[in-house]
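For reference, the structure discussed in these notes is given below.
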Amino acid sequence: MSFFKSGFMRGLIAQIIGTVLGMGLVVGIRAILGLEAWSSTNLEILEPIIVGGALVGALSFLIGVGVFSDWFKWTKGISTVDHHDPDPEKPSWWRYFSVDFDHKIIGIQYGVTSLIVLGLGGVFALLFRIELSQAGINFLNNGFFDLFFFGDTNPFRHSGGADLYNSFMSLHGMVMIAAILLGVGAMSNYLIPLLIGANDMAFPRLNAFAYWVNVPGAILLVSSLFLGGFDTGWTGYPPLSLRAPLGVQMFMMGVYLVGLSSIFGSINVIVTVIKMRAPGMTMFKMPIFVWAAFATAIIQLTATQLIGLSFQLVMFQRLLGMNFFDSVTGGNPVLFQHLFWFYSHPAVYVFVLPGFGVISELLPVFSRKPLFGYKWIAFSSMGIALVGFFVWAHHMFTSGMTAYLRVPFMYSTLLVAVPTGVKFFSWVGTVWKGKLRFPTPMLFALGAVVVFLVGGVTGPPNGTVATDLHLHDTYWVVGHFHNTIFGGFMFPLFAAIYFWFPKYTGKMYNEFWGKVHFWGMFIGFEIMSLSQMKIGLLGMRRRIADYDPALGIENAQYWITIAGFVVFFAVLIGAINLIQSARKGKIAEGNVWESRSPEWQIPNPAPLINYEKPFHVVGEPYDYGIESDYVDMNPAPLVGE
Amino acid sequence: MIHFVVVGILTLLSTYGLYMFVLTNEILLPIQASEQAIAIDNLFDLHWLLISFFFSLIMVFLVYSIVVFRRRKGDEGAGEHFEGNTTLEIIWTIVPLIIVLFIAFRGSEALADVERRDPNAYEVTVIASQWNWQFEYPDGETSSDLVLPKDTQILLRMYSQDVIHSFWVPEFRVKQDILPGGEEYIRELRITPNELGDFKIRCAELCGQLHYSMLADVSVVTESKFEVWLSEQSDICELDDITCGNKWVEKNGCVACHSLTGEVIVGPSWLGLYGSEVPLDDGTTVTANEEYIRNSILQPASQVHEGFNGNLMPPSFGDTLSAEQIDQIIAFIQSIK
């Protein structure tokens with residue numbers, strides 16, 4: 001079967017071979033240094049060997065899949081064509097499983113990978129939600145889990161149900177973050193060239209690299225589960241992460257690779273937006289999503305290094321004994337938290353800004369009205385990105401950092417409410433006196449506004465230090481945070497998937513099942529997250545495998561689990577709808593949503609070369625209701641063109 | 001204009017309804033059991049009011065638009081054409097900015113209230129370790145429960161022996177992480193209990209495998225009861241060895257990891273341990289006699305029972321227990337058959 005010859009399969013095989021070679025390399029080095037070279041049970045000896053294997057394995061995947069091929073040729077002085085056309089002898093799906101430089105293919109690759117990883121993170125959540133549905137540890141210690149996690153002969157075994165709970169809970173967090181970053185990549189890569197009138201991203205090879213490095217990254221992340229897991233949460237605070245099982249190394253290396261993707265991807269977005277806009281498209285005539293993606297890329301380019309660095313220091317301390325964070329011998333555990341949150345707070349704006357862009361993009365189309373206060377929305381994205389850099393220590397109000405610092409960070413944190421408020425008011429201004437239509441993408445966009453509103457208004461109590469002393473590390477924060485991410489990312493992601501579905505498949509999705517997906521997800525999610533906030537106020541701590549029934553929260557816990565399943569099955573229905581519609585849906589021709597945007601002026605699905613002839617921008621992007629165009633698809637040549 | 005009047009009235013009604021719903025909800029927060037909780041709960045009330053207002057404001061506008069401005073069948077036209085309003089944008093930037101600064105100012109005041117120092121505060125040392133709490137009183141009395149006199153400011157001076165933990169009693173509201181690393185990393189927390197009752201300390205910072213069960217009892221008692229209790233906690237025991245051993249075991253929290261029932265928690269159970277043949281992780285076996293148990297207390301990582309992790313137990317008991325106390329603990333273990 002030809003599938004086994006695809007780049008993806010070649011990459012996987014190369015990763016396996018590379019892992020073995022890498023392990024051999026470390027064994028060899030240990031032997032030369034006169035250390036005990038190998039042991040099948042002693043984890044102190046196994047750890048550097050396995051980490052070495054994982055590193056070489058990940059590199060081998062990238063070589064095997066072929067992202068370096070053109071670059072290798074260039075170093076040897078061999079020139080390559082600018083754009084590789086699809087091989088007519090290969091089936092059409094081939095391109096999706098191999099290295100391809102077309103931004104639309106890469107966008108779809110990001111998107112599908114994102115949904116798969118999202119599903120995986122959802123399964124982890126369900127597993128530990130089942131455990132929490134009743135007090136007592138009575139699910140994750142089940143014999144069913146023996147095979148992978150508990151067996152006596154397994155040197156990487158978990159030591160019980162609570163331990164396995166910690167691994168699933170920790171991995172749920174990081175796997176979901178990886179899924180979100182992939183989803184952000186999907187939206188930016190697929191949409192930006194189409195929206196600004198370019199035929200590809202600025203650096204197509206870097207783009208392919210930025211996608212493919214996620215695959216070994218995700219494999220390493222999930223492999224941590226089978227190498228002892230890790231009980232540190234996604235935050236990986238030392239000294240706990242210094243004492244955690246081997247899985248923590250795979251987790252940190254996985255994050256490192258996914259972080260590389262963010263950095264390279266964001267360079268591409270920034271250059272593409274600055275250099276490749278259609279004639280006449282000034283910055284303030286760009287579709288608003290492009291502003292959001294641009295602000296996102298600036299954060300990704302400048303903050304991601306800090307989480308990579310903080311995790312790298314933990315890895316070095318474990319592997320090489322360099323002490324950075326152990327206070328007994330001169331390190332400082334609180335320093336890690338500063339480095340970590342310097343990325344991880346701005347990261348939440350990476351997750352939600354593209355979603356805000358999608359909401360702002362869709363509301364005018366379905367309200368048949370201009371976007372209210374275009375410039376204010378664009379500036380508020382930049383404002384959030386900027387202020388977002390000065391608030392990281394609000395995650396550390398109880399951490400024992402320098403006490404007076406809590407006050408300035410309280411002020412800066414609450415300031416984020418101002419640009420966020422501008423967005424809400426502008427969205428309300430956009431739908432006010434419109435003629436609203438409610439197909440599935442509009443439902444998801446409006447749902448996103450409501451869910452993010454719940455997340456937004458529940459934020460300030462975490463921002464004022466005194467109330468945060470009660471709320472920190474409780475389920476209140478869990479509920480608040482999930483509202484911001486569902487409102488800022490999950491709902492807008494699905495809005496985008498449904499809205500542009502005809503553009504990338506040429507088919508129409510099934511409206512009925514789309515609406516079932518929306519209502520299931522919306523109602524299930526709010527029952528879940530409001531209950532989480534309620535039990536958090538009453539004393540339910542985050543990240544615990546079991547809770548005290550005396551808190552009177554058992555009933556709520558049960559309903560949170562049920563509601564979690566509703567969310568999961570709603571998304572599953574959505575996924576089946578998308579697959580079925582892509583195969584058998586009605587053909588969707590032309591400008592399905594009567595949008596003014598340029599990507600709807602070309603055929604569905606978007607052709608191999610987006611715009612054979614560059615369009616000119618001649619009007620405003622959202623002037624619904626007046627006789628004018630945003631773009632002229634058949635412009636007279638400009639002077640000098 | 002009529003639209004704005006209707007929306008304005010609905011927003012006020014919704015704000016009032018939501019705020020009343022929140023305020024009359026008796027199980028919103030745990031009971032208020034400290035002076036610090038008063039300032040915090042007052043700030044919570046301000047937050048609930050603002051949450052009720054802003055949530056209502058946006059929701060009423062949104063739902064009203066969805067209902068009133070929905071497209072009627074057959075209407076293919078566009079909505080009313082307006083592209084923005086700079087005056088409005090400036091208003092809804094400046095007004096929230098003022099509100100935000102006001103909240104931050106009130107937040108600073110509340111923080112000052114919470115941190116107010118009483119120079120005569122009663123000092124208790126809190127020692128956290130994986131998954132155990134220890135409390136030391138000024139004259140060297142130690143306990144694994146925290147007992148506090150009512151209406152006295154307590155100054156907790158806290159440190160950890162291993163990873164980061166966090167001290168939290170929901171009824172007291174306040175929370176503080178506990179750091180490892182000795183003197184320089186000791187962190188303080190002030191609590192003035194003002195309700196008699198029994199509560200629980202709940203470790204609020206993920207600290208590994210048994211984080212969920214890292215609890216300790218807190219009792220707030222009258223001044224006179226406190227004095228009586230304190231006098232019972234001294235390190236003097238004039239009873240028989242087994243009873244005294246049991247006291248040291250309870251005070252040091254040994255049973256958090258070593259069960260007396262045969263159940264395996266994270267350390268070997270003590271049921272039937274004494275005199276049994278113990279398989280070690282280097283493949284040899286050893287008889288669990290007095291010498292082996294003493295060595296396991298003093299150097300937990302040296303003769304490790306197969307299948308257990310010798311690094312989980314703190315190696316510091318040699319410093320905190322006297323030789324006599326260790327003998328009495330061994331006698332107690334010997335009695336668990």
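Fair warning: this is a prediction, and the values are worked out from it, not measured in the lab.
Scored by the side-chain contact (heavy atoms from CB on, under 4.5 Å) test, A:Ser170 finds A:Phe230 as partners (sequence neighbours excluded).
Using a distance-only test at 3.5 Å, with no hydrogens or angles considered, a donor-acceptor pair links the side chain of B:Lys175 to the main chain of A:His472. Under the 3.5 Å distance criterion, the side-chain polar atoms of A:Ser327 are matched with a main-chain donor or acceptor of B:Pro180. Checking side-chain atoms of A:Arg541 against main-chain N and O of B:Cys203 turns up a donor-acceptor pair under 3.5 Å. Within the 3.5 Å criterion, the main-chain N or O of A:Lys433 finds no donor-acceptor partner in the side chain of B:Glu80.
For A:Leu164, no part lies under 4.5 angstrom from a heavy atom of chain B. For a residue to count as touching a neighbouring chain, one of its non-hydrogen atoms must lie under 4.5 Å from one of that chain's; by this rule A:Val407 touches chain B with the side chain only. For A:Tyr237, the part lying under 4.5 angstrom from a heavy atom of chain B is the side chain only. With a 4.5 angstrom heavy-atom cutoff, A:Arg542 touches chain B only via backbone atoms. In this structure, chain B has a heavy atom under 4.5 Å from the backbone of A:Thr232, while its side chain stays farther away. If you measure heavy-atom distances from A:Asp326 to chain B, you find no contacts under 4.5 Å at all. In this structure, chain B has heavy atoms under 4.5 Å from both the backbone and the side chain of A:Leu538. Neither the backbone nor the side chain of A:Pro419 has a heavy atom closer than 4.5 Å to any heavy atom of chain B. Residue B:Val100 touches chain A through both its backbone and its side chain, counting heavy-atom pairs closer than 4.5 Å. Contacts between A:Met442 and chain B at a heavy-atom distance below 4.5 Å are absent for every atom of the residue. The contact between A:Asn166 and chain B is made entirely by side chain atoms (from C-beta outward), counting heavy-atom distances below 4.5 Å. Looking at A:Ser399, both its backbone and its side chain come within 4.5 Å of chain B, counting heavy atoms on both sides. With a 4.5 angstrom heavy-atom cutoff, A:Leu551 touches chain B only via side-chain atoms.
Taking the ring centroids of A:Trp476 and B:Phe44, they lie at or beyond the 6.0 Å cut-off. Ring centers of A:His470 and B:Trp168: under 6.0 Å apart, within the cut-off. Within the 6.0 Å centre-distance limit, the rings of A:Trp432 and B:Phe4 are counted as a close aromatic pair.
Side-chain contact between A:Leu469 and B:Arg173 is absent, with no heavy atoms from C-beta onward closer than 4.5 Å. Contact annotation: the side chain of A:Pro333 approaches that of B:Tyr185 to within less than 4.5 Å [non-hydrogen atoms, C-beta and beyond]. When side chains are defined from C-beta on, A:Arg243 counts as touching B:Asp162, because their heavy atoms get closer than 4.5 Å. Using a 4.5 Å heavy-atom threshold, the side chains of B:Thr86 and A:Trp376 count as touching.
To the nearest 0.5 Å, the span separating CD1 on B:Ile164 from CZ on A:Phe336 amounts to 9.5 Å. With rounding to the nearest 0.5 Å, the separation of OG in A:Ser159 from CD1 in B:Ile265 is 12.0 Å.
When the candidates A:Val428, A:Asp231, A:Leu537 are compared by the number of heavy-atom contacts under 4.5 Å with chain B, A:Leu537 comes out ahead. Between chain B and the options A:Leu453, A:Ile544, A:Val334, heavy-atom pairs under 4.5 Å are most frequent for A:Leu453.
Between B:His47 and the options A:Thr464, A:Asn462, A:Thr458, a side chain to side chain donor-acceptor pair (under 3.5 Å) holds for only A:Thr464.
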B:Gln130 vs A:Leu240, side chain to side chain contact (heavy atoms under 4.5 Å, CB included): CA-CA, chis, key distance, verdict: CA-CA 10 Å; B:Gln130 278 179 325; A:Leu240 187 61; 3.8 Å; yes
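Annotation: cation-pi pair A:Lys369/B:Phe82 present, NZ/CZ under 6.0 Å from the ring centroid and within 45° of its normal.
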